[in-house]
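Order of listing sets the numbers, starting from 1, for every ligand and every atom in it. Note that the coordinates shown come from a computational prediction; the quantities given were computed from them, not determined experimentally.
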Amino acid sequence: MSMHDRLALYSRNRLKLGLFGANCSSGRAVTKVPERWSGSWDDCLRLARMADEAGIEFMLPVGRWKGYGGDTDYQGETLETVTWAAGLLGATQRLTVFGTVHAPLIHPLIAAKQFVTADHIGQGRFGLNIVCGWNEGEFDMFGATMREHAARYEHAQEWFDAIQLAWSDVDDFDLDGNFIRLRQARAKPKPYGAGRPIVMNAGASPTGQAFAIRNCDALFSMTPKGKLDEFTAHVANVKALARQGGRQIDVYTVGVITCRPMQREAEEYYRHWVIDNADWAAVDRIMAMRGVTREKYPDDFEERRYHQANGMGGIPIVGDPDAVARELAQLAAAGAKGIALSFVNYLDELPFFRNEVMPRLANLGLRETR
Ligand SMILES: Cc1cc2nc3c(=O)[nH]c(=O)nc-3n(C[C@H](O)[C@H](O)[C@H](O)COP(=O)(O)O)c2cc1C
């Protein structure tokens, strides 16, 4: 087990696959359909075992403290991500499981030790997704103030410096930051074996992306629908900036799968869950929280609403297994190292994806068969 193995997510597959958002009720689908995801521990556990068995490389949870309301209380029930990861790591063999952690809401020495503990449970399969937060209501819950945007990432830098010191071989250390002060801090044990957990971030702003480029192994970026060229340029740019700083970074993306035996069936089901049965009350609240209003975006406000309903902005991939495999291959060709997927109901839909799409990805040279 080496750092290289950790960053490769323990597989040789050219396109890594993950599941995104299963720790939350409704997952990533802002829909009222009754088969929507429960987010319960039992379902997460069954899903993780199924994913592990199928050779899926990772699971990425959403760090969410307060649900969005609406008719379904979208993401109203969420399992805390580091304890969730620890449980799933204990029950799986190959899967990398991330914790998604709000840097401003937890002391770095507590966080570093939690990550090390999860990493030992998973024998080197814990990953860290650093988030700075954007949802003011969540910060209010903690009695915490959400800093202005640039300061959020300045704080995150000090927080991550502290985590890295705690993971390093130094004995006792001090840190004198603007936000964080540590005195003779001691943190043992260190991460499992050689190396440290894979670290990712999903900043979309220049500041957020610069943070990822300076610190992370992976940047998760949304692919703009129908604009693969933009994504290709984005990947090239991020990688070039990392190289200039003497680093390497991979870019992953996010997709929402609706796959059925026939193209028409897939399109009909997509229409059913996104268009006819979206939880529009929740969608509109999320849009308002993000400051996306009809006045601000008169030309494409409706499109943005649909995009929000459909997996919170992940690229919709709708079709029969050939079409889905083809679209995933296009994302890989555009430079995506991997993709974090969601389904309306992960457990119901993963077997068909595993049986029909994954072998096609192998035929396309993107994955080994299992
Ligand atoms: C794949 C992905 C996962 C994310 N996970 C979370 C999360 O779990 N919790 C959260 O508050 N924000 C999450 N975000 C939001 C990002 O961390 C980030 O704040 C957002 O993309 C805006 O970018 P910026 O911070 O550079 O402005 C996620 C974004 C993406 C694309």
Side-chain angles (χ1 to χ4, degrees), residues 16-28 39 58-68 74-75 78-82 84-85 96-106 111 127-142 144 146-157 159-160 198-225 231 234-235 238 241 249-256 286-287 289-292 307-308 310-315 331 336-342:
K16 316 290 180 188
L17 297 176
L19 300 173
F20 183 26
N23 66 310
C24 302
S25 57
S26 292
R28 305 277 300 164
F58 67 96
M59 286 180 74
L60 175 63
V62 170
R64 179 92 305 120
W65 299 99
K66 191 172 200 177
Y68 292 102
Y74 175 64
Q75 293 189 342
T78 60
L79 294 174
E80 189 285 317
T81 69
V82 181
W84 178 85
T96 293
V97 187
F98 285 86
T100 296
V101 179
H102 281 79
L105 298 180
I106 180 165
L128 170 62
N129 175 16
I130 303 174
V131 300
C132 296
W134 57 271
N135 180 339
E136 211 155 350
E138 291 194 326
F139 280 71
D140 290 346
M141 248 173 77
F142 287 81
M146 193 165 79
R147 298 182 178 91
E148 60 86 19
H149 191 271
R152 258 177 257 167
Y153 279 98
E154 283 162 25
H155 168 272
Q157 186 63 59
W159 185 88
F160 186 54
I198 180 171
V199 178
M200 63 158 283
N201 167 261
S205 63
T207 315
Q209 294 187 1
F211 176 85
I213 289 165
R214 270 197 318 278
N215 297 291
C216 298
D217 307 301
L219 170 68
F220 277 61
S221 298
M222 297 292 185
T223 312
K225 193 170 164 15
F231 184 72
H234 166 69
V235 174
V238 165
L241 288 171
I249 190 163
D250 290 317
V251 180
Y252 285 67
T253 193
V254 180
V256 184
I286 300 166
M287 302 279 282
M289 278 177 185
R290 293 193 163 154
V292 181
H307 211 46
Q308 194 68 59
N310 151 78
M312 306 285 281
I315 190 165
L331 290 168
K337 171 91 168 184
I339 178 158
L341 303 173
S342 60

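Remark: Y68 engages Y74 in a ring pair (Phe, Tyr, Trp, His ring centres under 6.0 Å) (not counting sequence neighbours). Under the rule for a side-chain hydrogen bond (donor to acceptor under 3.5 Å, both in side chains), the partners of E80 that lie at least two apart in sequence or sit in another chain are T83. By the ring pair (Phe, Tyr, Trp, His ring centres under 6.0 Å) test, F160 is found to be paired with no residue, residues two or more places apart in sequence or in another chain being considered.
The backbone N or O of S221 lies less than 3.5 Å from a partner atom in the side chain of T253, making a donor-acceptor pair. Listed for the Q75 side chain is a donor-acceptor partner under 3.5 Å among the backbone atoms of G27.
Listed by chain and number, F20, V62, G63, R64, T100, H102, N129, V131, W134, H149, Y153, A202, G203, A204, S205, G208, F220, M222, V254 each place a non-hydrogen atom less than 4.0 angstrom from ligand 1.
Between Y252 and F220, the ring planes are parallel. Angles under 30° get that label, and only those over 60° would be called perpendicular.
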